[in-house]
2 protein chains.
Amino acid sequence: MPSDDRKKSRVTLLDVARHANVSRATASLVIRKSPLVGAETRARVEAAMRELGYVYNMGAARLRAERSHTVGVIVPNLTNPFFAELLSGIEAVIDSAGMVVILANSGDLVERQDMVMRRMREHGVDGVILCPAADTAPEFVERIGEWNLPLVQLLRHVSKDVDYAGVDYAAGMRQAVDYLASLGHRKIAFAVHGPIHSAYLERIEGFREAMVSRGFDPGMIIRVPYQTARIPGSAHLLFDKAEKPTAVICFNDVVALGLSAGLHDLGREVGENFSLVGFDDVAEAEVMRPRLTSVSTGPVTIGENAARLLLDRLIDPMLPPRRVVKETQLHIRQSCAPLAVTTL
Amino acid sequence: MPSDDRKKSRVTLLDVARHANVSRATASLVIRKSPLVGAETRARVEAAMRELGYVYNMGAARLRAERSHTVGVIVPNLTNPFFAELLSGIEAVIDSAGMVVILANSGDLVERQDMVMRRMREHGVDGVILCPAADTAPEFVERIGEWNLPLVQLLRHVSKDVDYAGVDYAAGMRQAVDYLASLGHRKIAFAVHGPIHSAYLERIEGFREAMVSRGFDPGMIIRVPYQTARIPGSAHLLFDKAEKPTAVICFNDVVALGLSAGLHDLGREVGENFSLVGFDDVAEAEVMRPRLTSVSTGPVTIGENAARLLLDRLIDPMLPPRRVVKETQLHIRQSCAPLAVTTL
DNA sequence: ACGCCCATTTAGATCGATCTAAAATCTTTT
DNA sequence: AAAAGATTTTAGATCGATCTAAATGGGCGT
């Protein structure tokens, strides 16, 4: 009984059809839930499929029908929990549309992104959700459109003419600045890191605008290391210049966690004599001490938005380009204090 | 110029062949890098492919060749950073073998797992890497083998007869207990959470064994909530019983972060008058204060192991079942203190 | 009984690659 | 120069579905 029917190839639609005394074409109609087949016939075919243990061969279907029920998702970094949540949202929506996601990691490198993109085409994905690697040329994204391959840009955009799902970073920065200003802070630093892309620039620009619109100095921007473990050790950068900040806004929560630890090491009491606000509002924000005040971006929702954008475009490829940018929300916890207390 | 050649279908191998003045068969051989074709011919065909912008149609190839260059990866939870890292390792190895990963989320639900598994079969994956949902029956996993679908179990195992890539959880628990014992602790609690599966049981069993082998009471096991945000509030559970622990080992770092915060809230000084060791050694361990002492499991490596196991089996399906369990390593930082100090 | 219309069902071509087995070409040997 | 052998190339069948266009069968009006 071990390798009994090892030779016998898989059950095909033709087998099902024969077993149910119908033609291949009718069996095909049953699978696709066509209203054309009679109720009795349908039942017979369905029974046959069950009895024979038939498994639909998507590959064969795709060849003829030009739909693979597959979408490609390309992210620059799987390790970052933020992308994991994003992916979770994408997967959920794609899955509920009866499709599957093919995952790839560009490592934020344009050459790898080229490779990966080609691979996706070879696999005949119906569409792609792409978080473009830093330094991606607009032509790259536009060329994909010329291939008639539906695409949505995720989090970062390089072309105005292609769908985009992201976050209103500028507004998020404004919320952070406004909040700190309401606590009396005027000397606010911005701690950034990582590769430079649209989301990076939007945040910087949002910070600048919010600061100058209040007459604050927007020049206190420091760059911390990309490697998580080295962030705490770079907290001193905040105080290296002549002008010392009383608060810092962080590029994301990874930076926030790191600086929070680093400030602690420098003897600063975050939430008492120094204020810190994060960005992304990851789950850890709630379990650190002091609890992290953070601008929430909601990665799962963003992923869902992106997936829905793509699904819509699959239905109607002629839709004009759309952008859905999610509003951020400031989640106030305990990492900020009024300036009065600070100077006390 | 917009919808100019919209009708014209994709460039096919036949087009390439014609353009290079060879037959379809020869062109096919060139693609597959067969040594049969002459150098001059090969160059001509390759030039033709480049000129026409040919894209390989994996779907068509698969239909004939019974290989999809695709592997399915099913995880119970994408949101958990641990799985994200795991996935990163898998993706890297699979990608470098020229294959792609199809991703799915079972939500730790066996019914969804059934669905997802069927979907994978329909898409004709060459093999599957599965982290079985809690309560998965051994038959489920064994049936997959009967379908001649190569499978490797990830992190959790439900059948001895199927490849497995995971971690030596029991040894990890021993390392944690040994370390705490060396600091003089005898009353050690174990804080667990989440669904129950082999990895869960192995950890519990490892803890028990390590404790009884030293003559310590292995009964101080507490269950904290699964939801991250509610873990800090459950720290009091550690002290609800008559016997109070002086140290706690955590099921994973999510629990560790949460309890660390909760203990702080209760006025305990972790790393001074209470000791805590985590499990997994995630990146955050380095940026929390006190720095978290944690048993490192190395998710990226585990993912790589799993992928390699699958790749090997793809080459030789008749290989006997193998298990590669990674050794853990205790990463000592600052969250534990000698008992002497505690009682001082 | 006949033609007509509706609802079902079907044969056969098709998608774009791979595979087999044989043919064509080029070398070498005798 | 022919035979044998090695190297390249190729025609045509094939994988398992979908699609088109046509066939089948029943019910109904006249």
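Here is the naming used below: chain letters follow the sequence lines, and residue numbers restart at 1 for every chain.
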Visitor: Can you work out whether Y56(A) or R42(B) has the more 5'-proximal nearest nucleotide on DNA chain D?
Guide: R42(B)
Visitor: Answer with base, sugar-phosphate or nothing: what part of the nucleic acid does T12(B) contact at a heavy-atom distance below 4.0 Å?
Guide: sugar-phosphate
Visitor: Starting at the 5' end of DNA chain D, which residue's closest nucleotide do you reach first, A65(A) or G38(B)?
Guide: G38(B)
Visitor: Please tell me whether R32(A) and S28(A) have a donor and an acceptor in their side chains that are separated by less than 3.5 angstrom.
Guide: yes
Visitor: Whether the side chain of Y164(B) engages the backbone of L155(B) through a donor-acceptor N/O pair (distance < 3.5 Å, no angle test) should be reported.
Guide: yes
Visitor: Taking the side chain of T26(A) as its heavy atoms from C-beta onward, which of dT9(D), dA17(C), dT10(C) lies nearest to it?
Guide: dT10(C)
Visitor: Measuring from the side chain of R32(B) (C-beta onward, heavy atoms only), which nucleotide among dC19(D), dT9(C), dT18(C) has the closest atom?
Guide: dT18(C)
Visitor: For a side-chain hydrogen bond (donor to acceptor under 3.5 Å, both in side chains) with D163(B), tell me which candidate from R323(B), Q153(B), R313(B), H157(B) qualifies.
Guide: R313(B)
Visitor: Across the strands shown, which category fits A61(B) at heavy-atom distances under 4.0 angstrom: base, sugar-phosphate, nothing?
Guide: sugar-phosphate
Visitor: Need to verify one output field. Residue with the more 5' nearest nucleotide on DNA chain C, R64(B) or L29(A)?
Guide: L29(A)
Visitor: Does a side-chain N or O from R24(A) land closer than 4.0 Å to OP1 or OP2 of dT10(C), or not?
Guide: no
Visitor: Remember a base hit wins even if backbone is also touched, and classify R62(B) as base, sugar-phosphate or nothing at under 4.0 Å, heavy atoms.
Guide: nothing
Visitor: Does the distance from a Lys or Arg side-chain N to an Asp or Glu carboxylate O, for E66(B) and R62(B), drop under 4.0 Å?
Guide: no
